[in-house]
S.K.: 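Please find one structure pasted underneath; my questions will follow.
Starting from 1, each residue takes its place in the sequence as its number.
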Amino acid sequence: MKIDRAETLRYLGFRGQELSEADERNLARAEEICLSAISPKSVVKKYGFDCKTMSVEGTNVVFRGNAVRRHLVGCDAVYLVAATLGLNFDRTAARLMREEPAVGVMADAAAVSAIESYLDDLTAEIAEREQGRITRRFSCGYADFPLEQQTDFVRLLDMNKRLGVYLGADFLMTPQKTVTAVIGVRVEAESGL
């Protein structure tokens, strides 16, 4: 896991502009604070999958949405993945937003880069295990894959107990830097994945 400076700047809305010395200092400090405040954890679980009915085998979960259906065409198994940077980062970010808003915003963007990097590492491990037969990650809230299906991830991955992650009435998770995703396993490897 790493914080990719270019990705952090992209999340901040920079489009190739020069950073001032103050911005450079603040960004370096934000990255340092972010790395010291996070405690990445994850849960990954593989299930059989029926792509015709969109059913996760051995559960009562049926994925809804045309986009996830297209994404999982040809898959006979899925990995459900959950990753979090932990509650300490949320507390740190809230304090920074009150005391040093510029650094707080930069630390938040650095945390997005960090969680994506962490998920990239998990995805690479799964790809190696599955000999490259996997899809990209696909998360609830993408296109028409309902955000409400977060409840299925929280339950099946026992995220409350294993990660300390809780789902709000709006289907958003706490800690905030938490991501769930499904990764399909195709019957045969496809090029370009």
S.K.: Taking V61's backbone N and O only, do any of them form a donor-acceptor pair with D152's side chain (distance below 3.5 Å, no angle check)?
M.R.: no
S.K.: Do R64 and M54 have side chains that get closer than 4.5 Å, going by heavy atoms?
M.R.: no
S.K.: Can you confirm whether R129 is buried at CZ, in the sense that more than 12 heavy atoms of other residues, nucleotides or ligands lie under 6.0 Å from that atom?
M.R.: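 It does: R129 CZ has more than 12 such atoms within range.
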S.K.: Using every non-hydrogen atom in the two residues, find where A107 and A30 come nearest and quote the distance to one decimal.
M.R.: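 Residues A107 and A30, closest heavy atoms: N-CB, 3.5 Å.
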S.K.: If you measure from CZ on F138 to OG1 on T180, what distance do you get to the nearest 0.5 Å?
M.R.: 11.5 Å
S.K.: Describe, in one word, how the ring planes of F145 and F63 are oriented to each other, choosing from parallel (under 30°), tilted (30 to 60°) and perpendicular (over 60°).
M.R.: perpendicular
S.K.: Which heavy atom in S113 sits nearest to a heavy atom in D4, and how many Å separate them?
M.R.: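 Answer, listing the atom of S113 first, then D4: OG-N, 2.9 Å.
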S.K.: Might you confirm whether atom CD of E99 has over 12 heavy atoms from other residues, nucleotides or ligands at distances under 6.0 Å?
M.R.: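 Atom CD in E99 is crowded, with more than 12 foreign heavy atoms closer than 6.0 Å.
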S.K.: Counting C-beta onward and ignoring hydrogens, is there a side-chain heavy-atom pair between L72 and V78 closer than 4.5 Å?
M.R.: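 Yes - at least one pair of side-chain heavy atoms lies under 4.5 Å apart.
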S.K.: Is the CD atom of E24 crowded by more than 12 outside heavy atoms at less than 6.0 Å?
M.R.: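 Yes, because the 6.0 Å sphere around CD of E24 holds more than 12 heavy atoms from other groups.
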S.K.: Taking side chain as C-beta onward, heavy atoms only, is V81 less than 4.5 Å from T123?
M.R.: no
S.K.: Tell me the closest heavy-atom pair linking T59 and Y47, and the distance in Å.
M.R.: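 Taking T59 first and Y47 second, the nearest heavy atoms are CG2-CE2, 3.7 Å.
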S.K.: Take R29 and E100, measure what salt bridge (charged side-chain N to carboxylate O under 4.0 Å, His left out) needs, and give me the verdict at the end.
M.R.: CA-CA 11 Å; R29 185 158 174 273; E100 301 176 79; 2.7 Å; yes
S.K.: Any side-chain heavy atom of T178 within less than 4.5 Å of one from L85?
M.R.: no
S.K.: In Å and rounded to the nearest 0.5 Å, what is the OG1 to CG distance from T151 to L156?
M.R.: 9.0 Å
S.K.: How about S42 and Y118: does a side-chain donor come under 3.5 Å of a side-chain acceptor?
M.R.: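 Present: a donor and an acceptor within the cut-off.
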S.K.: Determine which pairs satisfy salt bridge (charged side-chain N to carboxylate O under 4.0 Å, His left out) with at least one residue from residues 65-75, sequence neighbours left out, and list them in order.
M.R.: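 Counting only pairs at least two positions apart or across chains, no salt bridge (charged side-chain N to carboxylate O under 4.0 Å, His left out) contact touches residues 65-75.
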S.K.: So L87 and T174, do their side chains get closer than 4.5 Å, heavy atoms only?
M.R.: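 Yes, their side chains come closer than 4.5 Å.
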S.K.: For A102 and N26, work out which heavy atoms get closest and say how close.
M.R.: CB-ND2, 4.4 Å
S.K.: Enter the distance from E31:CD to K2:NZ here, rounded to the nearest 0.5 Å.
M.R.: 11.5 Å
S.K.: For Y166, what residues pass the ring-ring contact (aromatic ring centres under 6.0 Å, His included) criterion, not counting sequence neighbours?
M.R.: none
S.K.: Between atom CZ of R137 and atom CD1 of I126, what is the distance when rounded to the nearest 0.5 Å?
M.R.: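 Rounded to the nearest 0.5 Å, the CZ-CD1 separation comes out at 9.5 Å.
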S.K.: Just do the side chain to side chain contact (heavy atoms under 4.5 Å, CB included) check on R155 and N60 with the steps written out, would you?
M.R.: CA-CA 11 Å; R155 181 175 49 83; N60 63 351; 3.0 Å; yes
S.K.: Can you see which heavy atom on R133 is nearest to which on V187, and at what distance?
M.R.: NH1-O, 3.4 Å
S.K.: Between M173 and M159, is any pair of side-chain heavy atoms under 4.5 Å apart?
M.R.: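 Yes; the side chains approach each other to less than 4.5 Å.
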S.K.: Which heavy atom of E130 sits nearest to which heavy atom of V185, and what is that distance?
M.R.: OE1-CG1, 3.5 Å
S.K.: Between CG of L167 and CD of E148, what distance do you get to the nearest 0.5 Å?
M.R.: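 Reported to 0.5 Å precision, the distance equals 10.0 Å.
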S.K.: Begin with the C-alpha distance, continue with both residues' side-chain angles, and end with the deciding distance and a verdict on salt bridge (charged side-chain N to carboxylate O under 4.0 Å, His left out) for D76 and R186.
M.R.: CA-CA 6 Å; D76 65 352; R186 290 201 166 91; over 6 Å; no
S.K.: Would the number of heavy atoms belonging to other residues, nucleotides or ligands and lying under 6.0 Å from CD of Q176 be above 12?
M.R.: no
S.K.: Nearest 0.5 angstrom please: D50 CG to C75 SG, how far?
M.R.: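 Interatomic distance, D50 CG to C75 SG, rounded to 0.5 Å: 11.5 Å.
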S.K.: With a 4.0 Å cut-off on N to O distance, would you call K46 and E57 a salt bridge?
M.R.: no
S.K.: What's the verdict on side chain to side chain contact (heavy atoms under 4.5 Å, CB included) for L27 and L12, showing C-alpha distance, side-chain angles and the deciding distance?
M.R.: CA-CA 11 Å; L27 191 52; L12 288 169; 4.2 Å; yes
S.K.: Could you go through the side chain to side chain contact (heavy atoms under 4.5 Å, CB included) check for V182 and F153 one step at a time?
M.R.: CA-CA 9 Å; V182 60; F153 286 81; 4.2 Å; yes
S.K.: Walk me through whether K177 and E116 qualify under salt bridge (charged side-chain N to carboxylate O under 4.0 Å, His left out).
M.R.: CA-CA 10 Å; K177 296 301 180 263; E116 288 298 322; over 6 Å; no
S.K.: Can you tell me if E21 has over 12 outside heavy atoms packed within less than 6.0 Å of its CD?
M.R.: no
S.K.: Below 4.5 Å, heavy atoms only, C-beta onward: do Q149 and V68 meet side chain to side chain?
M.R.: no
